[in-house]
Amino acid sequence: MNILLLGSGGREHALAWKLAQSKQCDQLFIAPGNAGTLQYGTNVNLSITDFEAIKKFVLEKGISLLVVGPEEPLVKGVTDFFRQDEQLKQVAVIGPSQYGAQLEGSKAFAKKFMIRHGIPTAAYREFDESNYEEGIPYLQQHALPIVLKADGLAAGKGVLICQSHVEAIAEYELMLHHSKFGDASKKVVVEAFLDGIELSVFALTDGKDYVLLPEAKDYKRIGMGDTGLNTGGMGAVSPVPFADAAFMKKVVEKVVEPTIRGLEKEAIDYKGFVFFGLIKVGDEPFVIEYNCRMGDPETEVVMPRLKTDLVELFVATDKGQLNTIKIEQDARYACTVMAVSGGYPGSYEKGFVIDGLNNPLPADSLVFHAGTTQKNGDVVTSGGRVLTVTSYGNTVSSAVVKSREVLQHISFEGMYYRQDIGFEFE
Ligand code: AMP
Ligand code: GLY
């Protein structure tokens, strides 16, 4: 079958790599893709939110499977657009309806969903213009630190952890009255701070059954030892050593199953990934957030560990037959180390030539491109996160060491990567 994958990051390179391995994949198109996805298919210069243009392309190329990488098209309703169009409704779409995508697109929606289904999450209240005044005394008496979240999508920046009441009230006012995050902060969720260790768990669901994919831990901070500014993610490891069988059983029973049952009970059209952003407090899992897509860079370790054919999984998802599928995983660790542009996550320059991409790779390492593009025969940087190297190993550290060795032979001006991904597992 012909497949169209939307997105252009490391996640999409990893998905393209995996899709292309399937016997069922005829032509693979990636819109807009990057210099890495070119190895597995054809990049198409389409906007991921221009649904009419996507429609035209899908019809022209006889696409029968649309895989949506990032959240934005889902939150804007690409799945509904396909389902409601006479010419497109036969196309399998991997990604929830606009209503279902609110699990990521609205923090308040996600919190209410969790409360309805008894899913463990931090205590919270939501505020907007109508109850703005009530928020001030609520914040004044709230235990520190206080977590403030813009309700809507804010490019990963909408969560603030405030260490004082004065700071929390100032930020609250900025969010609600001064559009700190634009429309996304017209509503604010105030929640209790949870102290624990984070991990990402992924399910693929057809709306009634699900399969669990390998779990992962990502490293969000720019600096060594998890210090400095938050980024999109500087590396990831899978499996997660502290997520042992007993803990994962709790995750399944207390979080994953109630979520999928909740989707089914509420008849939410949801055929796609559910990304559970979890925090382990003591021995208990709590949900920090849901995403309606795979994580990045988690996908760059999850796909390499997934042995099951991804197209087969997506077809079963579309047909509502995930109950017939058993996932096979590679038992080894997969770890990825992300190389970023100098200055990231602040401002950075683009357009630097990347050297070393043609070096032969060790058998157990993979390079996934993120912010790269092809220019005059060179591969040049085109984003903050530029490329990531995933390696397999029998331990976290042996995998990470291999990725760092590969990175030593790749270079571009200003290149930076963390030397300590997986540090707490050594
Ligand atoms: P989110 O955008 O929801 O993923 O939140 C960004 C980051 O904020 C998370 O990865 C956590 O590190 C942190 N965070 C969010 N909510 C909480 C919470 N209730 N307690 C502690 N940390 C939190
Ligand atoms: N790595 C976290 C995310 O994709 O949201």
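First listed ligand is number 1; within each ligand, the first listed atom is number 1.
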Query - Identity and separation of the nearest protein heavy atom to atom 20 (N) of ligand 1 - result: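 For atom 20 (N) of ligand 1, the nearest protein heavy atom comes out as L194 N, 2.8 Å.
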Query - Protein residue, atom and distance nearest to atom 13 (C) of ligand 1, heavy-atom basis - result: I161 CD1, 3.9 Å
Can you sort out which atoms of ligand 2 are near [X], meaning under 4.0 Å from one of its heavy atoms?
X    : result
D218 : 1 (N), 2 (C)
F275 : 3 (C), 4 (O), 5 (O)
G232 : 1 (N)
R293 : 3 (C), 4 (O), 5 (O)

Of the listed options [options], closest to [atom] (non-hydrogen atoms):
atom                    : options          : result
atom 1 (P) of ligand 1  : K149, E289, E191 : E289
atom 12 (O) of ligand 1 : E198, K220, K107 : E198
atom 6 (C) of ligand 1  : V287, T121, V159 : V159

Report task. Classify the contact between V147 and ligand 1 as side chain, backbone, both or neither, using a heavy-atom distance cut-off of under 4.0 Å. Result -> side chain
Report task. Have a look at ligand 2 and work out which part of E298, if any, has a heavy atom under 4.0 Å from it: side chain, backbone, both or neither. Result ->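 Only the side chain of E298 comes within reach of ligand 2.
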Requested in this report: Establish, from distance only, whether the side-chain atoms of T388 and Y417 form a donor-acceptor pair under 3.5 Å.
Outcome: no
**Report entry** Short side-chain donor-acceptor distance under 3.5 Å, R305 and S238
**Finding:**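 There is such a pair (donor and acceptor under 3.5 Å, judged by atom type) between the side chains of S238 and R305.
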Query raised in the report: Quick one: does G295 get within less than 4.0 Å of ligand 2, heavy atoms only?
Result: yes
Query raised in the report: Hey, does A192 sit under 4.0 Å from ligand 1 if you only count heavy atoms?
Result: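 For ligand 1, residue contact (heavy atoms, under 4.0 Å) with A192 is present.
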Query raised in the report: So, are E424 and K217 salt-bridged, with charged N and O less than 4.0 Å apart?
Result: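 Salt bridge flag = yes for K217 with E424.
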Query raised in the report: Please walk me through it: do E300 and R11 pass salt bridge (charged side-chain N to carboxylate O under 4.0 Å, His left out)?
Result: CA-CA 6 Å; E300 293 93 302; R11 169 182 50 212; over 6 Å; no
Requested in this report: Give yes if a backbone or side-chain nitrogen or oxygen of D296 is under 3.5 Å from a nitrogen or oxygen of ligand 2, and no if not.
Outcome: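 Yes: some nitrogen or oxygen of D296 is under 3.5 Å from one in ligand 2.
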Query raised in the report: What about the rings of F275 and Y290, do their centers lie closer together than 6.0 Å?
Result: no
